[in-house]
Amino acid sequence: MRIAVTIFLTDETITPVRLARELEQRGFAGLYLPEHTHIPVERTTPYPAGGDLPREYGRTLDPFVALGQAAAVTERLGLGTGITLVAQHDPIDLAKQIATLDHLSGGRFTLGLGFGWNVEEADDHGVRWRTRRELVRDRMALMRALWSEEPTAHQGEFAAVRASFAHPKPVQQPRGPVTGPRTLVGGAAGPKLFAHIAEYADGWLPIGGRGLTESVPRLRETWTDAGRDPATLQIVPYAVTPTPGKLTHYADLGIEEVVVQLPPEGEKQVLHKLDEYAEYVF
């Protein structure tokens, strides 16, 4: 099983360059970074995990800049977002950022995308909360048009782009309905989420990895009903605290990659946690 990591990299933590080098040397599969552009001080949206919102949420580095640094000092390490808040981006600009990072890293980028939880943050970006999932779906279709080999137009409910010359292209070739880098959708299990995954992604990024015994068969059914090849579905539990029993359970479900959580700390604390996780890296 491939073991990747995620961490809230901030202006107070270990640097992307130091962490990326350590991960590659130690045999970890990848580095996934979260995204928050800002956290409004006046916020009524509760923190999903309960309690006070941790300090690091308002101090996160831009994931694409940080992953660009990581790409420059590694050769094999996977690079991903967990997650990109697609609704909060201009899709033409985002398509260029993603394609450039994927091109410069030799196809190592994974686009982990999600719909967000912070209503106030999204509102500052002009996002209407009730339609954010359809907005993301539309923006993904626009980006696929720009990533297509031939100039392709897109006219959607929320966004449009003319047939355009747009390079570089993501490294990975189109597969089924998916064009672009490896794409995983985060979010809670449910029919709407699973329909989106089957429509425009390579798989699911379930946060925390709970309840997979019940939800994985439902996703596989939706996937095959959509005409997708069952062998190609990827499920990557995210922000997991690993134990031998948990990883064995995931393997029994056919899961081949897990993203474990690192603390948002300085170099000493993060490297100590990597030492603890070494038993899971083969």
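Values below: all heavy atoms of this structure, side chains included; hydrogens, waters and symmetry mates excluded. Along the sequence shown, residues carry numbers from 1.
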Between [X] and [Y], is there a donor-acceptor pair closer than 3.5 Å when you use the side chain of the first and the backbone of the second?
X    : Y    : value
W129 : N118 : no
K96  : P91  : no
S148 : R144 : yes
T13  : L9   : no
T6   : Y32  : yes
T45  : V119 : yes
Y200 : M140 : no
R139 : L94  : no
T179 : W147 : no
K169 : L146 : yes

Verify the cluster assignment for [X] and [Y]: are they in a single hydrophobic cluster under the rule of side-chain heavy atoms below 4.5 Å apart?
X    : Y    : answer
L113 : L79  : yes
L61  : L85  : no
F8   : I207 : no
V236 : V240 : no
V161 : V86  : no

Check ion pair E276-K273 (N to O, under 4.0 angstrom) |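 Yes.
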Spatial distance of atom [atom1] ([X]) from atom [atom2] ([Y]) [nearest 0.5 Å]:
X    : Y    : atom1 : atom2 : answer
S105 : L67  : OG    : CG    : 9.0 Å
I98  : T183 : CD1   : OG1   : 7.5 Å
R59  : I39  : CZ    : CD1   : 12.5 Å
W204 : L233 : CH2   : CG    : 10.0 Å
L77  : E22  : CG    : CD    : 12.0 Å
I3   : R26  : CD1   : CZ    : 14.5 Å

Could you tell me how the ring of W117 sits relative to the ring of Y57: parallel (under 30°), tilted (30 to 60°) or perpendicular (over 60°)?
->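 Judged by the thresholds at 30° and 60°, the geometry between W117 and Y57 is perpendicular.
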Begin with the C-alpha distance, continue with both residues' side-chain angles, and end with the deciding distance and a verdict on side-chain contact (heavy atoms from CB on, under 4.5 Å) for L219 and L193.
-> CA-CA 9 Å; L219 173 56; L193 179 78; over 6 Å; no
Atom [atom1] of [X] with >12 non-hydrogen neighbours under 6.0 angstrom:
X    : atom1 : result
Q173 : CD    : no
E12  : CD    : yes
D52  : CG    : no
H38  : NE2   : yes
H36  : NE2   : yes

Please name all residues satisfying side-chain hydrogen bond (donor to acceptor under 3.5 Å, both in side chains) with R175, sequence neighbours left out, ordered by chain then number.
->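 Counting only residues at least two positions away or on another chain, R175 forms a side-chain hydrogen bond (donor to acceptor under 3.5 Å, both in side chains) with Q172, D202.
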Check against side-chain contact (heavy atoms from CB on, under 4.5 Å), H89 and E35 | CA-CA 11 Å; H89 288 267; E35 174 182 51; 2.7 Å; yes
Over all atoms of both residues, closest heavy-atom pair of [X] and [Y]:
X    : Y    : result
A99  : P168 : CB-O, 3.2 Å
I255 : P237 : CG2-CD, 3.6 Å
P16  : A66  : CB-O, 3.6 Å
P244 : Y280 : CD-OH, 3.4 Å
Y250 : G209 : OH-O, 3.3 Å
P177 : A198 : CG-O, 4.2 Å

Are any of the side-chain heavy atoms of [X] and [Y] separated by less than 4.5 Å?
X    : Y    : value
L31  : L19  : yes
I14  : I7   : yes
L111 : T81  : yes
P191 : T222 : no

May I ask you to check whether H125 and T37 show a side-chain donor-acceptor distance below 3.5 Å?
->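 Note: H125 and T37 side chains meet the donor-acceptor criterion.
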Dump the intermediate steps for side-chain contact (heavy atoms from CB on, under 4.5 Å) on L274 and L23, then the final yes or no.
-> CA-CA 8 Å; L274 291 182; L23 291 173; 3.8 Å; yes
For residues 207-221, pull every pair meeting salt bridge (charged side-chain N to carboxylate O under 4.0 Å, His left out), keeping only residues two or more places apart or in separate chains.
-> none
Residues pairing under salt bridge (charged side-chain N to carboxylate O under 4.0 Å, His left out) where one sits in residues 119-136, two or more places apart or in two chains, turn out to be E134-R137
R55/T10 under side chain to side chain donor-acceptor pair (under 3.5 Å): CA gap, chis, key distance, verdict | CA-CA 10 Å; R55 172 184 176 87; T10 77; over 6 Å; no
Check: Y277 ring centre within less than 6.0 Å of F28 ring centre =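 Centroid distance Y277-F28: not below 6.0 Å, so no.
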The single option from D102, T100, L104 passing side-chain contact (heavy atoms from CB on, under 4.5 Å) against F109 =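 Among D102, T100, L104, the one meeting side-chain contact (heavy atoms from CB on, under 4.5 Å) with F109 is D102.
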Could you point out which residue of V258, V260, L33 forms a side-chain contact (heavy atoms from CB on, under 4.5 Å) with V5?
->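 Passing option: V260.
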Could you go step by step and tell me if Y238 and L184 meet the side-chain contact (heavy atoms from CB on, under 4.5 Å) rule?
-> CA-CA 11 Å; Y238 186 80; L184 304 172; over 6 Å; no
